[in-house]
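Quick notes on the structure that follows.
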2 protein chains.
Amino acid sequence: MKDVAAAAGVGLKTVSRVVNEESGVTPETAGRVRAAIEALGFRRNDSARLLRTGRTASVALVLEDISDPFSSAVSRAVEQVAAAQDCLLFTGSSGEQADRERELALAFCARRVDGLIVVPAGDDHRYLLPEIASGTPVVFLDRPAGGIDADVVLSDNAGGARAGVAHLIAHGHRRIGFVGDLPGIHTAVERERGYRTAMAEAGLPVDERWVDRGPTGRARVGEAVRRLTTGPDAVTALFTANNRVTLAALHHLPADRRPAVVGFDDLELADLLTPALTVVAQNPAALGALAAQRLFARLAGDAGAPARLELPTTLIVRGSGEVSP
Amino acid sequence: MKDVAAAAGVGLKTVSRVVNEESGVTPETAGRVRAAIEALGFRRNDSARLLRTGRTASVALVLEDISDPFSSAVSRAVEQVAAAQDCLLFTGSSGEQADRERELALAFCARRVDGLIVVPAGDDHRYLLPEIASGTPVVFLDRPAGGIDADVVLSDNAGGARAGVAHLIAHGHRRIGFVGDLPGIHTAVERERGYRTAMAEAGLPVDERWVDRGPTGRARVGEAVRRLTTGPDAVTALFTANNRVTLAALHHLPADRRPAVVGFDDLELADLLTPALTVVAQNPAALGALAAQRLFARLAGDAGAPARLELPTTLIVRGSGEVSP
DNA sequence: CTGAAAGCGCTTACAG
DNA sequence: CTGAAAGCGCTTACAG
């Protein structure tokens, strides 16, 4: 910019005026400046501009894994809201590791992003307290923050699971298995709670051997569903509590002698399976959009108490959940 | 930082030394500084630091749509390579619109990202010439740049399509339909070329009515496949040239009287369909990793001629492509 | 209409 | 071991 000013024989501020299309520059002066800009190939450095401005016109999203459909749908929605505010988006995947989540979140804060959306991997977010205190709004998504009171946008996990299990019960099932994620994950806990609520409401007992929690690797889930669905105590229906579990279960259960299945989370080809897959669907795009709107509301000065927003789920009936015992 | 220096009764540079863990500070001095940092809740502003440094420790990825599986897998791979270099990642979706691609790419350049990876939406990238000239390396992914000579990482689209169609031919098909994307999209053109090559190599004629190109919306593709697969001239097999087309085709073709199908791009539940879906799979993670490595090689000073890297595809035989005519 | 000075929050290059 | 000065590339607040 200094070079442009020198080449055009004007002051720095005049170049700034032309670049920012401010009024009050003679057409001739502006022309000289523009010619110099062209000749020197000058492009304004937005990072420098923003340093002076005090904002960075960027927000960051820490998610579990951008390559999974849930995360990427969230990301797209956040990006769209951010774009409407001329904000660029950083994304980073924690890989479900608390350390990495923290590292990413703090790195983004150190860049002074205007705001941060976090899909929690860890369960202690007090490390963000100084950042929040110094004015960086943080919104949590999919799972609430641990140890701090902050905005959060969630799906109705318990309600959704309850509806899915009630659906199985309505179709005559009494022995229903629950295959969940690692205990300690908020969504897993909530979905299990929904399962137990539905069973209790129907007056059905829950045999603890029907409830499986653990890593969602294919082999382990395969083992679990095989155990649940064989022997004299076999369940006649399965509620698989997230998409990885559902996928693993479908892979390990032969289609011809598969129990009734309702999964949490929709899958792209779910309607083309035989039978088509009945699911409790979340709306990741709506979660992302809502979280981003919350964030920008905070940036616009909203100083209300932290909000907890819960989005409903949808039971999509397609066939696999309507199989008789 | 000024406040910390004042509070600790030291110079600015000493605070900088402590914050950056440089050597040559008395333990007592360092202690005083650390106490002041603690008391004031100071956090170094990395954006300001990077302005002085001349880098931004960030790279940007412009893709088609972060919410589709191809884009998000690419993104994850790029993120991992970038993280290994302590680089943060901006992502943005062009939505397949040339204008938006340009807007995003230039916005990232204005922020002075260290490097840029672009999945082209438009076919003229000369607008990036000044950016490249001023030292921002740009790597293209999935499709080559238009009008400029730059690094590009691609799948072997023609070779993959040729192998897929040859597979259908080997299973006895002679009338094979091709359902592709909009003409003008590089990958669509290449895949059609592979289709024609395979047909020609087998000495089979191509009836132009078997070749369909256009928007990949469900309704339009449904119409197209219905036309291709009915009547006296119906094809006995279909090569669907990308995942959206494949999905649309599967939705519109009744499973009981579906022709043989081979699709380009793998799908998550492809192996659980009846019959399971035979596909020509790309490796989006490998494309992303390779592009990112190329980018960091450029950043490390590699000044060689622009490279064109082509990754092989894999034919995954599962059933739908082995149906007899 | 135009520009010199100060400053955003840091680091670099020196000097002591 | 420590710090004052200059500067990264811009904008802000003034003055002319």
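Order of the sequence lines fixes the chain letters, A, B, ..., with proteins taken first and strands second; residue numbering starts at 1 for each chain. Side chains are part of it too, since the values below use all heavy atoms of this structure and drop only hydrogens, waters and symmetry mates.
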Quiz item: Could you walk me through whether Glu79(A) and Arg100(B) pass the salt bridge (charged side-chain N to carboxylate O under 4.0 Å, His left out) check?
Solution: CA-CA 13 Å; Glu79(A) 185 193 319; Arg100(B) 182 67 183 145; 5.2 Å; no
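Nearest heavy-atom pair, Leu50(B) versus Thr56(B), reported as atom, atom and distance to 0.1 Å: CD1-O, 3.4 Å. In terms of heavy-atom proximity, Leu104(A) sits nearest to Gly92(A) at CD1-C, 3.7 Å. Looking at every heavy atom in both residues, Ser93(A) comes nearest to Glu64(A) through CB-O, 3.7 Å.
At whole-Å resolution of the value, CG in Leu51(A) and P in dA6(C) are 18 Å apart.
Side-chain N/O atoms of Thr14(B) include one lying less than 4.0 angstrom from OP1 or OP2 on dG3(D).
Here Arg294(B) pairs with Asp302(B) in a salt bridge; the nearest charged N to carboxylate O distance falls below 4.0 Å.
Residue pairs meeting the ring pair (Phe, Tyr, Trp, His ring centres under 6.0 Å) criterion with at least one member in residues 79-112 of chain A, sequence neighbours excluded, are Phe90(A)-Phe108(A), Phe90(A)-Phe90(B). Counting only residues at least two apart or on different chains, no ring pair (Phe, Tyr, Trp, His ring centres under 6.0 Å) pair has a member in residues 11-60 of chain B.
Contacts between residues 24-34 of chain B and DNA chain D, defined by a heavy-atom separation below 4.0 Å, involve Gly24(B), Val25(B), Thr26(B), Thr29(B), listed by number.
Atom CZ of residue Arg52(A) and atom OG of residue Ser47(A) lie 16.0 Å apart, to the nearest 0.5 angstrom.
Phe70(A) pairs by the ring pair (Phe, Tyr, Trp, His ring centres under 6.0 Å) definition with nothing, not counting sequence neighbours.
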Quiz prompt | Base-contact (B) and sugar-phosphate-only (S) positions in nucleotides 10-16 of chain C, heavy-atom cut-off under 4.0 Å, - elsewhere | solution = SBBB---
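Checking side-chain atoms of Thr53(A) against main-chain N and O of Arg49(A) turns up a donor-acceptor pair under 3.5 Å.
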Practice problem: Toss me the dot-bracket line for DNA chain C: Watson-Crick and G-U wobble, both under 3.5 Å, 5' to 3', using | for pairs to another strand and [ ] for crossers. | Solution: |||.||||||||.|||
